[in-house]
Amino acid sequence: MADDDEDLDLNSLSDDELVEQMWDDLYDGLADEITQGTNILLERGWQPYDVLTKALVEGMRIVGIDFRDGILFVPEVLLAANSMKAGMAILRPLLAETGAPKMGKMVIGTVKGDIHDIGKNLVSMMMEGAGFEVVDLGINNPVESYLEAIEEHQPDILGMSALLTTTMPYMKVVIDTLKEKGMREDYIVMVGGAPLNEEFGREIGADAYCRDAAVAVETAKELIARRHNKGPSLEAAG
Ligand code: B1M
């Protein structure tokens, strides 16, 4: 696909054609083209969130299907992921540019054994855009990293991401450790990642499972507001 596209002027495409071309370019791991396409859509007045969801996230969804079906392999998917990150790098400051008052703080990281970070990065970007301060611990985090970070940063929210069925149980290890240390109730715990669901979130004792980054933002706002409304008096009464 890449060869055919060499002389293609992305500027000459309609919005719909360009978005479809970006799905192809993401699939082919063409970071420069993704950078260009992202900039063109923004110049045409697209909202950063629309570029993110309609061009980049949808493109990665298509990559995911062919990865699952054994049509694409790890090296190709890595190139696609890097291209996606090139687009996200342009969108990040725009999404964070809302000037919203600080809503709260979140520490977030992908759990131990798991190196997927695109979804987590998206959640971080959207949370920053909604006025949250975000401390991103990156990938492959053992329970100790989470503990150190919450000790250091005293967040309102602990966020965890997992993309593998083999790594998602580790979220429970982190939550159980918080319980053992008597710290569980000090933090809102939110979890997310493609293989998770509502039921899993409940079973491991998280406060919320978040289907996507937009849901993460809404859930965070809601849970923080609920916590503020509760206030210290309830604890004192209890
Ligand atoms: Co991986 N991989 N991968 N992979 N990979 C999946 C997850 C897989 C489903 C593909 C498949 O087979 N269909 C499959 C898992 C199967 C399973 O567990 N049952 C899989 C596999 C098997 C593997 C390897 C084992 C492959 C191998 O080596 N043989 C290996 C594992 C490495 C490891 O982690 N130890 C591996 C490696 C890789 C790459 C390195 C090549 C690359 C990652 C690059 C990177 O992240 N920097 C990669 C990718 C890109 C994928 C797919 C194709 C795409 C994931 C992604 O970025 N999606 C993925 C297929 C899929 O998910 N359909 C797949 C886009 C992203 C925006 O969505 O991450 O779901 P997502 O995030 C969403 C929500 O889930 C939610 O909000 C996000 C934004 O809306 N969310 C949160 C996520 N985290 C949250 C945290 C929150 C809240 C919401 O906290 C509050």
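As the structure is a prediction and not an experimental result, all values here were calculated from the model. Remember, it's 1-based here, ligands and their atoms both numbered in the order they're listed.
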Considering all heavy atoms of both residues, which atom of [X] and which atom of [Y] are nearest to each other, and what is their separation?
| X | Y | answer |
| --- | --- | --- |
| Ala214 | Tyr49 | CB-OH, 3.5 Å |
| Lys85 | Ile118 | CE-CG1, 4.3 Å |
| Gly109 | Leu137 | CA-CB, 4.2 Å |
| Ser14 | Arg44 | C-NH1, 3.5 Å |

Starting from [atom], what is the nearest protein heavy atom, named by residue and atom, and what distance separates them?
| atom | value |
| --- | --- |
| atom 32 (C) of ligand 1 | Ile115 CG1, 3.7 Å |
| atom 55 (C) of ligand 1 | Leu163 CD1, 4.2 Å |
| atom 71 (P) of ligand 1 | Gly119 CA, 4.0 Å |
| atom 49 (C) of ligand 1 | Val77 CG1, 3.5 Å |
| atom 84 (N) of ligand 1 | Ser161 OG, 2.8 Å |
| atom 83 (C) of ligand 1 | Gly193 N, 3.5 Å |
| atom 18 (O) of ligand 1 | Thr165 N, 2.9 Å |
| atom 13 (N) of ligand 1 | Arg68 CB, 3.0 Å |

Residues Asp207 and Tyr187: side-chain donor-acceptor under 3.5 angstrom: no
Modelled atom types, side-chain donor and acceptor of Gln21 and Asp25, under 3.5 Å: yes
Nearest protein heavy atom to [atom]: under 4.0 Å?
| atom | value |
| --- | --- |
| atom 11 (C) of ligand 1 | yes |
| atom 61 (C) of ligand 1 | no |
| atom 8 (C) of ligand 1 | no |
| atom 51 (C) of ligand 1 | yes |
| atom 89 (C) of ligand 1 | yes |

Quick check on [X] - does any of its heavy atoms sit under 4.0 Å from an atom of ligand 1?
| X | value |
| --- | --- |
| Met160 | yes |
| Val123 | yes |
| Gly113 | yes |

Which segment of Met190 sits under 4.0 Å of ligand 1 when only heavy atoms are counted: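 For Met190, backbone and side-chain atoms both sit under 4.0 Å from ligand 1.
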Residue part near ligand 1, for Leu122, under 4.0 Å between non-hydrogen atoms: side chain
Salt-bridge contact Arg202-Glu198 (side-chain N to carboxylate O under 4.0 Å):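 Not counted as a salt bridge, because no side-chain N and carboxylate O are separated by less than 4.0 Å.
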Pair Arg184 + Asp176, salt bridge at N-O below 4.0 Å: no
Of [options], which has the heavy atom at the shortest distance from [atom]?
| atom | options | value |
| --- | --- | --- |
| atom 77 (O) of ligand 1 | Leu56, Asp212, Asn121 | Asp212 |
| atom 58 (N) of ligand 1 | Lys120, Met60, Met125 | Met60 |
| atom 46 (O) of ligand 1 | Asn82, Asp117, Leu72 | Asp117 |

Is there a donor-acceptor pair closer than 3.5 Å between any side-chain N or O of [X] and the backbone N or O of [Y]?
| X | Y | answer |
| --- | --- | --- |
| Asn121 | Asp117 | yes |
| Asp69 | Ile71 | no |
| Asn141 | Lys112 | no |
| Lys105 | His153 | yes |

Would you mind running through ligand 1 and noting each atom that sits below 4.0 Å from a heavy atom of [X]?
| X | value |
| --- | --- |
| Lys85 | 47 (N) |
| Arg211 | 74 (C), 75 (O), 76 (C) |
| Cys210 | 88 (C), 89 (C) |
| Gly64 | 13 (N), 53 (C), 60 (C) |
| Val74 | 26 (C), 27 (C), 28 (O), 41 (C) |
| Leu164 | 15 (C), 18 (O), 20 (C), 21 (C), 23 (C), 31 (C), 33 (C), 34 (O), 35 (N) |
| Ala81 | 44 (C) |
| Asp114 | 34 (O) |

Would you check whether [X] has a nitrogen or oxygen atom less than 3.5 angstrom from a nitrogen or oxygen atom of ligand 1?
| X | answer |
| --- | --- |
| Val63 | no |
| His116 | yes |
| Phe67 | no |

Quick one: do [X] and [Y] end up in the same hydrophobic cluster if we chain Ile, Leu, Val, Met, Phe, Trp and Tyr together by side-chain heavy atoms under 4.5 Å apart?
| X | Y | result |
| --- | --- | --- |
| Leu72 | Val74 | yes |
| Val174 | Met190 | no |
| Val57 | Leu91 | yes |
| Val189 | Met171 | yes |
| Ile150 | Tyr170 | yes |

Side-chain touch Met84/Ile34, heavy atoms, less than 4.5 angstrom: no
